[in-house]
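Working notes for the structure below.
What's counted below: heavy atoms across the whole structure, side chains too, no hydrogens, waters or symmetry copies. Order of appearance sets the numbers: ligands from 1, and atoms from 1 within every ligand.
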Amino acid sequence: MIHVRTIGVLGGGQLGRMLTLEAKRMGYRVVTLEPFPDSPCGQVADEQIVAAYDDARAVGELGARSDVITYEFENIPLESALLLERDGRMVRPNSEALRITQDRLLEKTFLREARCPTVEFAPIRKPEELDVALADVGLPAVFKTVRGGYDGKGQWLVRSFHEAAAAVEDARGQALICERFVEFDREVSLISSRGADGHTVRFPVTENVHDTGVLVTTIVPARVSAVIEEKVCEAARRIGDGLGIVGTYCVEFFVVGQDVYVNEIAPRVHNSGHFSLDATQISQYEAHVRAICDLPLVEPRLFAPAVMMNILGDGAGDDLAGIDDVLRDPDLKLHLYGKRHAALRRKMGHFTVLGRTTEDALDRATRAKAALSWTPPLRTKAIAVALES
Ligand code: AMP
């Protein structure tokens, strides 16, 4: 059992922020490492080390100040995690989980070996492999960069050989994975938290709606059969055990009829688990803190059907209008991440609505979403009007 006073967090985004808020509530100190000053996580942490994720001196400093180090997104350089481990620091989840999940080909190969169902896939590490990959997988297909992609970035839907060749050209020499395009009924995910002793607790299965690769809505519990739920839980268990994860992790699935296919593993807290801050008695963030600090894990309990919606920037302005409207709903919780600039599709916040039924929660969440809009600050608007007149 380790004794933790300070938690180090690699990455300074909103997941780190919510993790930090929960860790602070539980009495821990938090230090984050993130290149952008005043980051969402840095705003609420005790300290932010402002440096690149691959700055060896800064990573060493994070290690020296922390009793355990975790990460809030999986694209931090593997070398930084390895460096910490070589220094004898405790990194949770371990660097091996990071190594596998940072590389879509390694990830899919691991899944195959762990006997978790995935869609057919083939590597396109160089353009000459294109023909074989298409022959193996067929069309339509989805090409994804093997490394570095998130929120639908670095992906191409390919319906013809011509589009496939264009995608390979667009990728400019980056290694790709070619996956069969799945006509799924739904996308679901499962958040689990696993302790160092292997004991694992599960959150309710969630149903996720994406818009061009970015999560927009999560519905809890997912509207799926008991058979699907069982398959999802079994795959997630194999994954957690196979990677030896200590902490919260998420597995995303496609549902087709009564079958499930693992799409992706995130060895960290996840956007589709935001609901747990307000809809379960323990959040994915608290569960993560407990797991990495060797504290007991308890089974999450859902209070009521819930719907989480992301609030994305649209480039129209940086002020969020309509907050006074949505806060009239007594069962709506609003979370904003302290980001100044609401760039197009940037995740700026989210809200969760608890309902009497799923339909009720969905209805009210949809209304709340419609009431929110981005506008330029009032002062800017006044100047624009003055300039026009
Ligand atoms: P990913 O970055 O792999 O999670 O992909 C982002 C989103 O793109 C997924 O949540 C799906 O909505 C869609 N997508 C990814 N891969 C496939 C696939 N093989 N077939 C159909 N849709 C996909």
Side-chain angles (χ1 to χ4, degrees), residues 13 15 72-75 97-98 100-112 116-124 130 133-134 136-160 163-164 167-168 170-171 174-191 205-220 222-224 228 232 235-236 239 249-257 259-275 308-310 312 345-347 350:
L15 293 163
E72 60 110 46
F73 84 126
E74 64 275 33
N75 287 325
L98 202 57
I100 304 251
T101 56
Q102 278 183 345
D103 181 308
R104 290 186 192 269
L105 277 170
L106 288 180
E107 183 179 69
K108 287 269 177 349
T109 308
F110 160 78
L111 288 167
R112 203 183 254 168
C116 293
T118 65
V119 298
E120 289 104 72
F121 66 95
I124 310 178
L130 175 60
L134 284 183
D136 278 0
V137 172
L139 287 169
V142 181
F143 287 9
K144 303 176 181 178
T145 53
V146 167
R147 306 182 66 89
Y150 65 98
D151 283 349
K153 294 185 180 106
Q155 297 195 7
W156 297 262
L157 171 60
V158 165
R159 280 156 300 209
S160 63
E163 285 183 356
V168 169
D170 215 13
Q174 294 178 86
L176 299 175
I177 182 170
C178 166
E179 288 180 14
R180 183 169 63 80
F181 175 78
V182 186
E183 295 263 13
F184 51 77
D185 302 330
R186 297 171 198 280
E187 287 186 86
V188 300
S189 63
L190 181 68
I191 311 265
V205 179
T206 72
E207 184 174 333
N208 305 318
V209 182
H210 292 85
D211 176 14
T212 48
V214 181
L215 180 70
V216 286
T217 303
T218 294
I219 301 162
V220 202
R223 294 164 293 182
V224 292
I228 293 291
V232 160
I239 290 166
Y249 65 101
C250 175
V251 185
E252 296 181 83
F253 300 84
F254 299 131
V255 177
V256 185
D259 291 322
V260 300
Y261 301 93
V262 178
N263 174 37
E264 224 182 7
I265 309 165
R268 55 163 171 81
V269 288
H270 192 261
N271 193 165
S272 66
H274 287 351
F275 75 90
M308 187 287 306
M309 287 193 181
N310 272 339
L312 304 179
R345 306 183 72 66
R346 189 173 190 206
K347 290 174 177 168
H350 75 269

### Message
Looking at every non-hydrogen atom in both residues, tell me the closest pair between C116 and V262 and how far apart they are.
### Response
CB-CG2, 4.1 Å
### Query
What are the two closest heavy atoms between L215 and M308, and how far apart are they?
CD2-CE, 4.0 Å
### Summary
The atoms of ligand 1 lying under 4.0 Å from a heavy atom of E179, numbered in the order shown, are 16 (N), 19 (N)
### For atom 11 (C) of ligand 1, the option (of R104, E187, E183, Q155) bearing the nearest heavy atom
E187
### Query
Is it the side chain (CB and beyond), the backbone, both or neither of E120 that lies under 4.0 Å from ligand 1, heavy atoms counted?
neither
### N/O separation below 3.5 Å, F184 to ligand 1
no
#### Entry: Non-neighbouring partners of R159 that pass side chain to side chain contact (heavy atoms under 4.5 Å, CB included), sequence neighbours left out
P140, L157, E163
#### Entry: Sole candidate of K108, E107, R104 that passes side-chain contact (heavy atoms from CB on, under 4.5 Å) when paired with F121
K108
### Query
Given E107, E264, K144, which has its nearest heavy atom closest to atom 3 (O) of ligand 1?
K144
### Message
If the cut-off is 4.0 Å to any non-hydrogen atom of F254, which atoms of ligand 1 fall inside it?
### Response
11 (C), 14 (N), 15 (C), 16 (N), 17 (C), 18 (C), 23 (C)
### Nitrogen or oxygen of E252 less than 3.5 angstrom from that of ligand 1
no
### Query
With respect to N310, which candidate in N271, T218, T217 satisfies the side-chain hydrogen bond (donor to acceptor under 3.5 Å, both in side chains) definition?
N271
### Task
Would you check if the side chain of E187 reaches a backbone N or O of E252 as a donor-acceptor pair within less than 3.5 Å?
no
### Task
May I ask you to list the atoms of ligand 1 that are less than 4.0 angstrom from any heavy atom of F181?
20 (N), 21 (C)
### Task
Please identify each residue that fulfils side chain to side chain contact (heavy atoms under 4.5 Å, CB included) with E72, with sequence neighbours left out.
V9, L15
### Task
Number the atoms of ligand 1 from 1 as they appear, then name those within less than 4.0 Å of a heavy atom of H210, with their elements.
10 (O)
#### Entry: Whether E120 side chain and R180 backbone form a donor-acceptor pair below 3.5 Å
no
### Message
Taking 4.0 angstrom as the limit and counting only heavy atoms of V142, give me the atoms of ligand 1 inside it, by number and element.
### Response
17 (C), 18 (C), 19 (N), 20 (N)
### Task
Pick one of side chain, backbone, both or neither for how N263 approaches ligand 1, counting any non-hydrogen atom pair under 4.0 Å.
side chain
### Summary
Quick note on ligand 1: atoms under 4.0 Å from a heavy atom of R180 include exactly 18 (C), 19 (N), 20 (N)
### Query
Side chain, backbone, both or neither: which part of V182 has a heavy atom under 4.0 Å from ligand 1?
both
### Task
For F181 and V142, work out which heavy atoms get closest and say how close.
CD1-CG2, 3.7 Å
